[in-house]
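Report on the structure given below.
In the text below, chain A, chain B and the rest are named by the order of the sequence lines, each starting its count at 1.
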2 protein chains.
Amino acid sequence: MSDMKTVNLKNIKARNKSLLGKRVYTVLNNTLSYQWEALNDQVPGAPKSGSVNNFRIAAGEVSGKHYGPVFQDSDLAKWMEAVSCSLALRSDDDLKLHLEEAIALVSKAQEADGYLDTYFTIEEPSARWTNLRDKHELYCAGHMIEAAVANYEVTGNKTLLNVACRLADHICEMFGPESTKRHGYPGHEEIELALVKLYHATNERKYLDLAHYFIRERGKAPYYFKIEAMARGEAKLDELWDPSKLEYFQAHMPVTEQEAIGHAVRAMYLYSGMTDVALETGDETIAQACRRLWDDVVKRKMYITGGVGSSSFGEAFTFAYDLPNDTAYTETCASIGLIFWAHRMFKMDQDAKYIDVMERALYNTVFASMSLDGKRYFYVNPLEVWPEVCHKREDHRHVKTERQKWYDCACCPPNIARLLTSIGKYVYALDEDKNMLFVNLYMDGQVKFNLNDKEIMLEQDTVYPWDGSISFTVTSNTPVTFSLAFRIPDWCKKWSIKINGQEIQEHEKNKGYAVITRAWVAGDKVELMLDMPVMMMRANPEVRADAGKVAIQRGPVVYCAEEADNGPNIANIKLLAEPDFAVVYDEELLGGVCYITAKARRAKADGYDGLYRQIDEDYEETVVKLVPYYAWNNRGEGEMMVWLRQV
Amino acid sequence: MSDMKTVNLKNIKARNKSLLGKRVYTVLNNTLSYQWEALNDQVPGAPKSGSVNNFRIAAGEVSGKHYGPVFQDSDLAKWMEAVSCSLALRSDDDLKLHLEEAIALVSKAQEADGYLDTYFTIEEPSARWTNLRDKHELYCAGHMIEAAVANYEVTGNKTLLNVACRLADHICEMFGPESTKRHGYPGHEEIELALVKLYHATNERKYLDLAHYFIRERGKAPYYFKIEAMARGEAKLDELWDPSKLEYFQAHMPVTEQEAIGHAVRAMYLYSGMTDVALETGDETIAQACRRLWDDVVKRKMYITGGVGSSSFGEAFTFAYDLPNDTAYTETCASIGLIFWAHRMFKMDQDAKYIDVMERALYNTVFASMSLDGKRYFYVNPLEVWPEVCHKREDHRHVKTERQKWYDCACCPPNIARLLTSIGKYVYALDEDKNMLFVNLYMDGQVKFNLNDKEIMLEQDTVYPWDGSISFTVTSNTPVTFSLAFRIPDWCKKWSIKINGQEIQEHEKNKGYAVITRAWVAGDKVELMLDMPVMMMRANPEVRADAGKVAIQRGPVVYCAEEADNGPNIANIKLLAEPDFAVVYDEELLGGVCYITAKARRAKADGYDGLYRQIDEDYEETVVKLVPYYAWNNRGEGEMMVWLRQV
């Protein structure tokens, strides 16, 4: 039972000023309507979605076959969640209409017993729940539940929530420990965290219990995925997934005994659900497993960009320190899942170290996954790209050199949208017991919250992350005593805080937070100054791919060298030991960024008539220009590198 | 019409002393009898071959189904060629008996019209010549012809040669420019070079003409592989090879217009056949294409180990400078093919630069492909291995971390054997017009040859490549005037020559050769001293995989760092700018090698609790031990690296 609360999105405003706010406004201005078109198959040249049309067919409005992967329903569900949250930030009549249309469709597509999944309703009505491993019914249900809870929280309307409850009730009848029910669990985790959200929204304990059951049942022998495969008449798991590969589904052993393994998005959603359940039930074994898994991921299997899942085969984790930069998979959804999980781990332990990882994943992989205009997306997020090799080598085929309009498997684009329109939940957190507001992320805007039955308003003013100064102004009318806990990021080694212009001497961090408690009055101003030098980051020497290399980071932003600035053959760049970094803010560049210049060398190719020679390296001095990794590939196709060699 | 002749293998002896001689004796002592067992399915734990048994079935001696790939006949043929050549070096009664048995079987398996291919005889007698693209009939025929010519040259017996001629005559009836014949060409090149060999052995011009035809017809539109696919009732090429992927077969355009592309072994055999045909016919367009293709391969697409074909997908060339070390394919057969081709290019241009590449491929990739005991083989020859990544990452699955007993597709093991038992042909070459003997490779032993109707004997004494001194003694009885052309390898920047103890001042190289002409008398001694320092080689900066790295080479031998000597995490080794190399010959190590020590640094992992930190590199000084690349993985599984980082 967590003491931590999120602030209702209705009470958080963002401005189009700090980078985070800008990305949110890109989603509000461009992405949501673009994605509605994509989901309705109206974007010229984009792969067909069929997601909305599948609901039309299931609702009986049109006839036809189900289109796309079995989990296509989830794309619309994520979009509905995204739009629901967006309405808290800004009302938009067109989006509202589309959302209402979608809610009506979904309601109509739901079957009498509460079942809701267009694939089975259209194609295999008699085969419901016979293949949990592959068919994603519980996954799609989870996303619809999340959409419903978000819609209810922002709009207060219960139409979609009721759909979700009827669906969840149906699932509760199907699954559980009772001998009359199926002892299964999802092939793609997601419903666990959704059921906990529904429990929060409805206070129905059975939803939490089922989530707990799914997690505890998972991976027990005899394996449910084998039992149901036998029941389908399959002697064994199909050949694509060798029986030993139940690891792909995190279903090879009880989750409390696992290391981080298998399909990375599945893993992140599972761990998020586990943390939720541990928080709500006090199941300490699960809580400890979450902490252990966290260390396994962030200390051994995560890219500096917050990407996870280093292998395209199985979109999966491989093993400790296997983090190749050019063949990285690092699916967008996996980093979004990592953010979900980090948020829950923070709620469990109130430690800023989780937010440090969240911010890393958000400002690098997630921001990178969407073009500056919000209409093109990466599914895979490599840290190094040589376009020719991506086009011509089969083992790089998964690496797209340019963001795409849509995907046949389009899980990522609407996932970005729903994360960014709900970002307020990640910016602030409330601990009512401690009478404390946590400020976890820095985003220009305002927040309204209640502590001790007092309503408090706080303005946040910043252009973070281009500058490390963030100011807060209390705008409440009456004096009120509470604590503000400002996160001091792990990358920040020097900071200062002024209150009403007076520097305070208390510089202690507690679990990563600088906490200030006082009786605040309207107009009180806190100025937080985070020192933000350019940093040369090194990887643990066990990461063979990064041996001898450095990554440049400033604040939470990881930088890269692009061909657009530096010409071809980025691999040939070698930073000097003292690169003499200069940071320049350029309003015109890439939507407004700080770029960095650094002194470097490049080997000359002059001496070579062919491939190999016994010669000393002949180099020329040069200045390299680095731009934020998240902004790469907004100027056409070209080479890109995050980890750079150094003298 | 080439002026260059090879010396008959009967007149070349090797001793088990220089490295090349040692490898030859390993094949004589262990490999040939081991491979006979493998081909007879008698090696416990090895994949089944079926090659001999397929001939037994086709000969009517036993009943059964054809086993293995359609090209399984070629494995036995290569072994027959290897054993035939071995008899010139050393008579062996057991091998002789096995060879006679094999020849009898092959003769019996040949059909009345000369056709010979066990797959079609057993499985699809009516489908002969209907799928040149995939079914390897002409490839298998080529290998049988090569075996026959070798057998005839060494033994003088015509049994197998007659089989080959009947087969070749049958093929001449099937293919050619005449309207009554099929206008096809092989899916896997090989028969072209074999037909030229048969032409040499028989002086039958039609064999040369057919080889010329196959080469000139190849890649013409409309494409034969499409025409025959249509004739088989296939509307288009099967999906594995997209129509645009005729490149895989070097069949997408006329060979004279191609760049080096597609399946690397196919390419090497094709280019060898092209060079043969250009040499014999004077077709200058083909000759120019060969020179252009040569530059494309060795100046842009070859590893420092003489490996070619950098992609596992299609076992193929990719594009210029794409030479990854850890996912390299570099099939053993491709480097053997490169040696074949280099030999022919040398015959065409009498330039030592071709032998430089031959020696690089031989001493590195080819030697590495066989264990020190001659009984285990690599098919793929990577330049960098981290075993865990090979076991756990799908994109490294083709990289075996240990040599194997045999392969389901076992083209490589008998190819190594036939190359090494015929190596004498590559060591010496005769130019009768110039009255000159070329000494191309350095191998302890003797050679007997005729120039100007005089028989001349020459002893070669050396422990090359561990030492750069090679001495030659003329043992002919009468004074005779001729030239000796000693190859001065490209890696050798300083050399000296003494005749009968007297240093000669003529240090000019002509196309890579130091030529000495005199009236030689018995007992004349030439001492060639090749300076052989440790060299730090760099790759062209366009090779992104080698940026900032050096490879250590001494003489023709490329070195590597192995886990057995240096512990795990070889990637963490960084040579000093002045590594202070020391060379030590160790008789006990890896069959007797010079190892090299070098001063280096290794980053400490101490400062890391996790993955990424802003710290200066903390390192410790160390001494790295390097062993010849060819000898890697003879001490168990472990990490290995050729290209090492340098300060």
- Message: Apply side chain to side chain contact (heavy atoms under 4.5 Å, CB included) to residues B:Val385 and B:Cys390 and explain how you reach the verdict.
- Response: CA-CA 8 Å; B:Val385 166; B:Cys390 299; 4.3 Å; yes
Would you sort out whether A:Val647 and A:Leu575 count as a side chain to side chain contact (heavy atoms under 4.5 Å, CB included), showing the intermediate values? CA-CA 6 Å; A:Val647 170; A:Leu575 295 182; over 6 Å; no
Could you go step by step and tell me if A:Ile596 and A:Ile552 meet the side chain to side chain contact (heavy atoms under 4.5 Å, CB included) rule?
CA-CA 9 Å; A:Ile596 296 173; A:Ile552 307 307; 4.0 Å; yes
Applying side chain to side chain contact (heavy atoms under 4.5 Å, CB included) to B:Ile570 and B:Met640, what does each step give before you reach the verdict? CA-CA 7 Å; B:Ile570 305 285; B:Met640 182 277 291; over 6 Å; no
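Contact tally against chain B (heavy-atom pairs below 4.5 Å) for A:Val389, A:Leu611, A:Val543: the top residue is A:Leu611. With chain A as partner, the option from B:Gly610, B:Ala316, B:Pro541 having the largest number of non-hydrogen pairs under 4.5 angstrom is B:Pro541.
Interface residue B:Leu323: only side-chain heavy atoms are found under 4.5 Å from chain A. Looking at B:Met535, the atoms closer than 4.5 Å to chain A (heavy atoms on both sides) sit in the backbone and in the side chain alike.
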At a 3.5 Å cut-off, give me the donor-acceptor pairs between chain B and chain A, one pair per line with the distance.
from, atom 1, to, atom 2, distance (Å)
B:Lys299, NZ, A:Asp609, OD1, 3.2
B:Lys299, NZ, A:Asp609, OD2, 2.9
B:Met302, O, A:Tyr612, OH, 2.5
B:Ile304, N, A:Tyr612, OH, 3.3
B:Ser310, O, A:Arg393, NH1, 2.9
B:Ser310, O, A:Arg393, NH2, 3.1
B:Ser310, OG, A:Arg393, NH1, 3.3
B:Asp322, OD2, A:Arg393, NH1, 3.0
B:Arg393, NH1, A:Ser310, O, 2.9
B:Arg393, NH1, A:Ser310, OG, 3.4
B:Arg393, NH1, A:Asp322, OD2, 3.0
B:Arg393, NH2, A:Ser310, O, 3.1
B:Arg538, N, A:Arg613, O, 2.7
B:Arg538, O, A:Arg613, N, 2.9
B:Arg538, NE, A:Ile615, O, 3.0
B:Ala539, O, A:Tyr608, OH, 3.3
B:Asn540, N, A:Leu611, O, 2.6
B:Asn540, ND2, A:Gly610, O, 2.9
B:Pro541, O, A:Asn569, ND2, 2.8
B:Arg544, NE, A:Glu639, OE1, 3.4
B:Arg544, NH2, A:Glu639, OE2, 2.7
B:Asn569, ND2, A:Pro541, O, 2.8
B:Tyr608, OH, A:Ala539, O, 3.3
B:Asp609, OD1, A:Lys299, NZ, 3.2
B:Asp609, OD2, A:Lys299, NZ, 3.0
B:Gly610, O, A:Asn540, ND2, 2.9
B:Leu611, O, A:Asn540, N, 2.6
B:Tyr612, OH, A:Met302, O, 2.5
B:Tyr612, OH, A:Ile304, N, 3.3
B:Arg613, N, A:Arg538, O, 2.9
B:Arg613, O, A:Arg538, N, 2.7
B:Ile615, O, A:Arg538, NE, 3.0
B:Glu639, OE1, A:Arg544, NE, 3.4
B:Glu639, OE2, A:Arg544, NH2, 2.7

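Minimum interatomic distance between B:Met536 and B:Pro579 (heavy atoms only, all atoms of both residues): SD-CG, 3.8 Å. Residues A:Ala264 and A:Ala334 share a closest heavy-atom pair of CB-CB, 4.0 Å.
Rounded to the nearest 0.5 Å, atoms CE (B:Met532) and SG (B:Cys492) are 8.0 Å apart.
Proximity of B:Leu626 to B:Cys560: side-chain heavy atoms (C-beta onward) are nowhere separated by under 4.5 Å.
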